[in-house]
Amino acid sequence: MHSITAASGKALGAVLRGRLPGVEGVRWLRSEGLPPTARAASLTPGQWLSLHATWQRLSGTPHAGVPQRGGGKADSKHGHAPGAQAAPRWF
């Protein structure tokens, strides 16, 4: 949500495209009666609550542009994902 407020001068359609999966950003804008060119600074408190509820509902859904929570850090001694091994040098 911070990235949306940080981009308050940009069109919400473009900002939400990278923050919500699939067409959920456009769907939310349409449900609120907002054009894709609307700015975050023009949202009412009720629209912010609605956007937050939508974001919370979809927060576990994987989508492009946003890294998954947990950072994807390797947790094994050799620096690879669990069960993975480095490719041999002759590969």
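Along the sequence shown, residues are numbered consecutively beginning with 1. All values below were derived from every heavy atom in this structure, side-chain atoms included, with hydrogens, water molecules and symmetry-related copies excluded.
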- Item | Pairs meeting criterion salt bridge (charged side-chain N to carboxylate O under 4.0 Å, His left out) with involvement of residues 21-30, two or more places apart | Glu24-Arg27, Glu24-Arg57
- Message: Just to verify, what does Pro45 make a side chain to side chain contact (heavy atoms under 4.5 Å, CB included) with, not counting sequence neighbours?
- Response: none
- Task: Under the side chain to side chain contact (heavy atoms under 4.5 Å, CB included) rule, collect the residues that match up with Leu34, sequence neighbours excluded.
- Result: Trp28, Leu29, Glu32, Ala38, Leu43, Gln47
- Any idea which heavy atoms bring Ala11 and Pro36 closest together, and the distance? CB-O, 3.5 Å
- When rounded to the nearest 0.5 Å, the distance separating CG of Leu51 from CG of Leu16 is 6.0 Å
- Query: Is any side-chain heavy atom of Val26 closer than 4.5 Å to a side-chain heavy atom of Leu20?
  - Reply: no
